[in-house]
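Throughout, protein chains are lettered first and strands after them, A, B, ... in sequence-line order, and every chain is numbered starting at 1.
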Amino acid sequence: MNTALHAGYARCHTCGKLVENMQPVGHNAAHCPRCDSAVHARKPHSLGRVWALTIAGIVLLAPAYAFPIMTVLRLGRGEPNTIFSGITELIHEGMYGIALLIFVASVAVPVIKLMGLSFLLLSIQLRWASSARQRTIAYRFIKFIGRWSMLDIFVISILVSLVQLEQIAYITAGIGTTAFGAVVVITIFAAECFDPRLIWDASTGDALAVEGA
Amino acid sequence: MRLTACPHCDLLSEIAALQPRESAHCRRCGSLLYQHKVRSISRTLAWAIAGLLLFIPANVYPILQLQALGMEQDATLLKGVIALIDNRLWMVAILTFLLTIAIPLVKHLLLIGVLGRSHRPSPRLARWFRYYHLIDSWGMLEIYMLGILIALVKLGDLAEVVTGLGLYSFIGLLITSIGAHISLDKNEVWERLES
Ligand SMILES: [Zn+2]
Ligand SMILES: [Zn+2]
């Protein structure tokens with residue numbers, strides 16, 4: 001199969017222009033004549049950056065799930081809720097649909113995203129030859145779902161601004177939202193830094209491209 | 001015929017000129033390479049201008065209003081950010097402000113600026129369109145919309161919630177930004193800016 005890298009081209013990450021790029025992988029490349037972005041045959045230091053961001057994301061999941069994100073005070077009484085206890089409370093109140101949405105956005109999506117990126121990184125580093133097409137589709141899926149994790153933070157910001165009825169009902173936001181927001185931002189950056197072309201380089205035995213990254 | 005490389009697997013492909021509404025996919029990994037969109041620039045510009053006009057009422061008027069025992073509270077996008085600051089959650093407040101107000105607004109302005117002058121290409125327009133690409137995926141209006149719906153249902157048992165003019169403007173803003181996203185042919189814009 002004839003890749004741009006082997007033909008001496010590089011695709012601009014920003015505008016998609018095919019640029020002649022004779023520099024070896026990993027070196028500082030030329031600037032795109034169309035949009036002036038730096039052009040690299042592969043995203044620079046992709047494997048290392050994505051590992052660093054993924055591990056940071058996994059570490060930050062602990063405070064994101066352990067600290068309270070929201071406290072609902074009804075007639076002056078109420079306990080702080082974490083993401084998990086909030087979902088349990090929604091189930092007790094019979095709001096199954098919302099419980100499911102919050103579970104998907106706040107638990108399933110970040111966990112699947114971090115596990116998926118780790119799996120893709122390992123598959124490249126172990127030079128897997130098979131299922132490159134399926135892994136590329138998995139990457140596109142991971143990139144697509146990541147942003148939806150912001151859902152709970154937006155819900156909290158609306159509730160906190162709306163429910164300020166002094167003694168009757170009062171909602172405050174907790175420190176867990178900071179950790180969770182950091183997880184979302186970090187995982188979005190991780191997906192951006194990941195270069196799916198490395199999946200194909202590794203599966204076709206293109207060691208040069210993988211090691212340069 | 002033009003030569004292009006797949007963004008996801010790097011395979012080189014030669015693509016023939018596309019017919020209207022036709023698209024080309026990578027034969028190795030299936031990624032979308034090109035999509036021909038009809039009258040992309042004028043349609044996207046119309047969506048973006050409509051969106052910019054709706055941006056004002058969507059931010060000024062209350063999105064939801066809560067009424068209980070004679071007390072009243074209303075929520076706007078900015079009030080949600082301020083409430084987070086009141087809770088001393090600075091980082092979350094800044095993040096929410098960027099994702100729901102600043103970035104969608106800047107995206108509209110950049111798009112109108114670039115498309116409105118695309119008949120006179122300049123390095124400045126190319127720089128603006130590059131900025132647009134940079135922030136493109138950080139606008140999160142559609143996620144905020146789902147957040148509004150969830151807040152609406154959650155509050156249903158607590159008090160009476162009234163939807164306001166702000167909500168209808170916000171729905172309009174969401175529709176126009178989806179319209180602009182679907183009709184925008186980035187490659188066509190870049191080719192214009194290059195000539
Ligand atoms: Zn470029
Ligand atoms: Zn491909």
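- Salt-bridge annotation for B:E142 and A:R147: present, with a side-chain N of the basic residue lying under 4.0 Å from a carboxylate O of the acidic one.
- Counting heavy atoms from C-beta on, the side chains of A:Y9 and B:D10 never come closer than 4.5 Å.
- Comparing B:L155, B:I63, B:L66 by heavy-atom pairs within less than 4.5 Å of chain A, the highest count is held by B:L66.
- A:L165 touches chain B through backbone and side chain together, each having a heavy atom under 4.5 Å away.
- Comparing A:C32, A:G181, A:A173, A:G16 by how many heavy-atom pairs each has under 4.5 Å with chain B, the most go to A:A173.
- Counting heavy-atom pairs closer than 4.5 Å to chain A, the top residue among B:L146, B:L84, B:L64 is B:L146.
- Judged by distance alone, the side chains of A:R140 and B:S31 do bring a donor and an acceptor atom under 3.5 Å apart.
- When the candidates A:V155, A:I175, A:I156, A:D195 are compared by the number of heavy-atom contacts under 4.5 Å with chain B, A:V155 comes out ahead.
- With a threshold of 4.5 angstrom between heavy atoms, B:S13 does not approach chain A through any atom at all.
- Ring geometry for A:Y139 against B:H8 counts as perpendicular: the plane angle is over 60°, on a 0 to 90° scale with 30° as the lower cut.
- Between B:I150 and A:I102 the shortest side-chain heavy-atom distance falls below 4.5 Å.
- Between B:T96 and the options A:I153, A:T177, A:I158, a side-chain contact (heavy atoms from CB on, under 4.5 Å) holds for only A:I153.
- With chain A as partner, the option from B:K79, B:M140, B:R2 having the largest number of non-hydrogen pairs under 4.5 angstrom is B:M140.
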